[in-house]
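Data first, discussion second: the structure below is written as structure tokens.
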Amino acid sequence: MQRTLLAALLALGIMLGLSAPADAGLIERLKLDDVTWLPVEDDTHAATLTLDERLQTPPATPKLLDERWEPIVLVRTLYVTTMQDSYTVTDANGQTLALDSRAMDPAKFGHREGFVLENVELGMKGRFNDQGLYYKVKFELIPREKDGNRSSDYLKDAYFGWNTYRVFDVRAGRMKIPFSQANLQPTEYSPLIYKPLLNVLTPKRQLGLMVGFADPWEVARLRGGVFNSVSLAVEQMKDSKQLMYVARLDFSLGNLLKATNTHFMDFEFDLGGNIAYTKENFDPTTEHRWTGLDASIHLWIFTLKGELMFKDFYSGDVDENGVQPARRGIGWHADLIVHAWPEVIDVTGRIEQMDGEDDFVRGESATLSIDEISKQKQRWITGGLTFHISEMARIDFNYIHREELEGYKFANDAFLGMFQFNL
């Protein structure tokens, strides 16, 4: 019996010795005359993530196949009720108007009632470690624009990349641009059902090339890219004559503490800054410029996230002083997440404000359209409760206090319940 046990332990030791080293830090791998440096991953899932996914993505669900062929499935169904359907609003001229939200477009800014199938995403992703290649293809069967309205844009992701050395990452195809914490965070891991309002200001997925650099411990990461934009640089890809240039810099104090083997109450601090620019040299010449700053602090069971974003649009018009003024959109949000029962129950509060264009003339038409709402200055206050049933399923309850702060002024709260399943 003792010999059998000893043999089993010896066999186990040999197997562990042949596997990847378990200590954190860097290992040196020799291939003939080449020396390459690869970070050792304690979590096997972390090894499949690319530079721009690790900060935003929690530990993944168990693998169904292998890391080369991993299916993507996301289903989100909502129950929505708008607290008030008929109400009286006041326009910029002080006139009152009777409105009914049931006559508005069924976006998140208007009326939604009953059960709604919000997302159905299907796709495949994978990584070939020997070559350092990875890919992702994903379709949205119920496509929506960032403002919540239905779309005909079914393709979401279609890219491939190479990051054998980990300190260097290059990717080509259709992808999220490296801009904004809210934009980069996967939908399935959002602390509330909806992303912050300022996400409407961010361009959606674009076709292009992205390159990323990082130090071996990923304390600092720089990503930049050139993307095919559109005439107004907001939504669909339609104009190949116009290009968008994007850059983002991330700093992670949490990774620095890990690299120095310092532990302090599960403390993490991440700071990110980003810029984007596009110009169309037609008549008139137009420019879009985006700037943003975001941060995330985690300590014990508390996580605080915040972001500030500016979008400036230059239309080519010149004022009497010969200056080209900009129409500015601005948005900000602050989220406090309390992991009341870590990995089981989260309580989230958010306050946010967004103004699509600060000089937009509002409240002059006789009807209230979704375009006018999306450009209104508005403030939402949201409370949320999340139950993580498993790594693949969650249930959310959100209550949103929605206020329009100018033009058509009204408050129209909403309650949402959500069931989500994802692989």
Side-chain angles (χ1 to χ4, degrees), residues 24-31 34-43 45-57 67 125-136 157-186 202-203 205-229 243-260 268-278 289-296 307 309:
L26 295 175
I27 61 172
E28 186 179 29
R29 175 179 296 175
L30 299 176
K31 292 182 178 180
D34 297 330
V35 178
T36 61
W37 292 88
L38 297 174
V40 178
E41 302 287 355
D42 295 327
D43 182 3
H45 170 70
T48 69
L49 298 181
T50 58
L51 289 176
D52 62 327
E53 293 172 328
R54 293 178 197 163
L55 177 64
Q56 301 293 342
T57 308
E67 61 185 10
K125 65 180 179 179
R127 176 178 175 81
F128 298 87
N129 278 324
D130 293 341
Q131 295 80 29
L133 298 173
Y134 63 91
Y135 71 94
K136 187 176 184 180
D157 294 306
Y159 61 78
F160 65 92
W162 178 79
N163 65 348
T164 296
Y165 299 99
R166 293 302 176 84
V167 295
F168 177 74
D169 185 13
V170 59
R171 177 188 299 181
R174 186 174 185 184
M175 69 196 85
K176 291 181 178 180
I177 65 171
F179 188 96
S180 168
Q181 179 190 74
N183 177 58
L184 290 174
Q185 186 170 50
T202 308
R205 286 169 168 84
Q206 303 283 344
L207 180 66
L209 174 70
M210 186 190 76
V211 179
F213 301 91
D215 61 85
W217 301 274
E218 291 188 343
V219 176
R221 291 190 300 273
L222 175 63
R223 284 165 285 169
V226 180
F227 299 87
N228 175 222
S229 185
L243 297 177
M244 176 183 293
Y245 304 91
V246 187
R248 177 176 175 84
L249 178 63
D250 287 296
F251 171 77
S252 174
L253 180 58
N255 286 346
L256 177 61
L257 295 177
K258 293 176 183 177
T260 57
E268 295 182 9
F269 173 71
D270 299 297
L271 182 65
N274 25 239
I275 58 174
Y277 169 80
T278 184
R289 301 176 187 174
W290 291 264
T291 54
L293 183 68
D294 52 72
S296 175
E307 184 167 359
M309 184 188 303

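- When every heavy atom of Val211 is checked against every heavy atom of Val170, the shortest pair comes out as CG2-CG2, 4.1 Å.
- A salt bridge links Asp294 with Arg248: the distance from a Lys NZ or Arg NE/NH1/NH2 to an Asp or Glu carboxylate oxygen falls below 4.0 Å.
- At a threshold of 4.0 Å, the pair Asp157-Arg174 does not count as salt-bridged, since none of the basic side-chain nitrogens sits closer than that to a carboxylate oxygen.
- For the atom pair Ile275 CD1 and Trp290 CH2, the distance stands at 12.5 Å (nearest 0.5 Å).
- One finds a salt bridge joining Arg223 and Asp250 here, because a Lys/Arg side-chain nitrogen approaches an Asp/Glu carboxylate oxygen to under 4.0 Å.
- Across all non-hydrogen atoms, the minimal contact from Leu209 to Ala172 is CD1-CB, 4.1 Å.
- Annotation: the span from Trp217 atom CH2 to Lys258 atom NZ amounts to 15.5 Å, rounded to 0.5 Å.
- Minimum interatomic distance between Leu293 and Gly273 (heavy atoms only, all atoms of both residues): CD1-CA, 4.3 Å.
- Atom CE of Met175 is separated from atom CD of Gln206 by 10.5 Å, given to the nearest 0.5 angstrom.
- In this structure, Ile177 CD1 and Leu207 CG are separated by 13.0 Å, a value rounded to the nearest 0.5 Å.
- Of all non-hydrogen atoms in Arg221 and Asn255, the two that sit nearest each other are NH1-ND2, 4.0 Å.
- Side chains of Tyr134 and Arg171: a donor-acceptor N/O pair is present below 3.5 angstrom, by distance only.
- Inter-residue side-chain proximity for Asn129 and Glu67 is flagged as met; some heavy-atom pair is nearer than 4.5 Å.
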Before you tell me yes or no, could you show the steps for Thr164 and Gln131 under side-chain hydrogen bond (donor to acceptor under 3.5 Å, both in side chains), namely the whole-Å CA-CA distance, both residues' side-chain angles and the distance that decides it to 0.1 Å? CA-CA 7 Å; Thr164 296; Gln131 295 80 29; over 6 Å; no

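- The backbone N or O of Glu307 sits nowhere less than 3.5 Å from a side-chain atom of Gln181 that would complete a donor-acceptor pair.
- Using a 3.5 Å distance cut-off with no hydrogens or angles, the side chains of Asp270 and Ser252 do pair a donor with an acceptor.
- Considering every non-hydrogen atom in both Ala295 and Leu271, the closest pair reads CB-CD1, 3.9 Å.
- Note that CZ of Arg127 and CH2 of Trp162 are 10.0 Å apart. Values are rounded to the nearest 0.5 Å.
- Contact of the Asn183 side chain with the Lys176 side chain is registered, since non-hydrogen atoms from C-beta on lie closer than 4.5 Å.
- Rounding to the nearest 0.5 angstrom, the gap separating the OH atom in Tyr245 from the CZ atom in Arg289 is 14.0 Å.
- The aromatic rings of Phe213 and Phe168 sit tilted relative to each other, their planes meeting at an angle between 30° and 60°.
- Contact of the Glu268 side chain with the Ser296 side chain is not registered, since no non-hydrogen atoms from C-beta on lie closer than 4.5 Å.
- Applying the 6.0 Å contact sphere to CZ of Phe128 captures more than 12 heavy atoms from other residues, nucleotides or ligands.
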Given Phe227 and Met210, is the side chain to side chain contact (heavy atoms under 4.5 Å, CB included) satisfied, shown in steps? CA-CA 8 Å; Phe227 299 87; Met210 186 190 76; 4.3 Å; yes

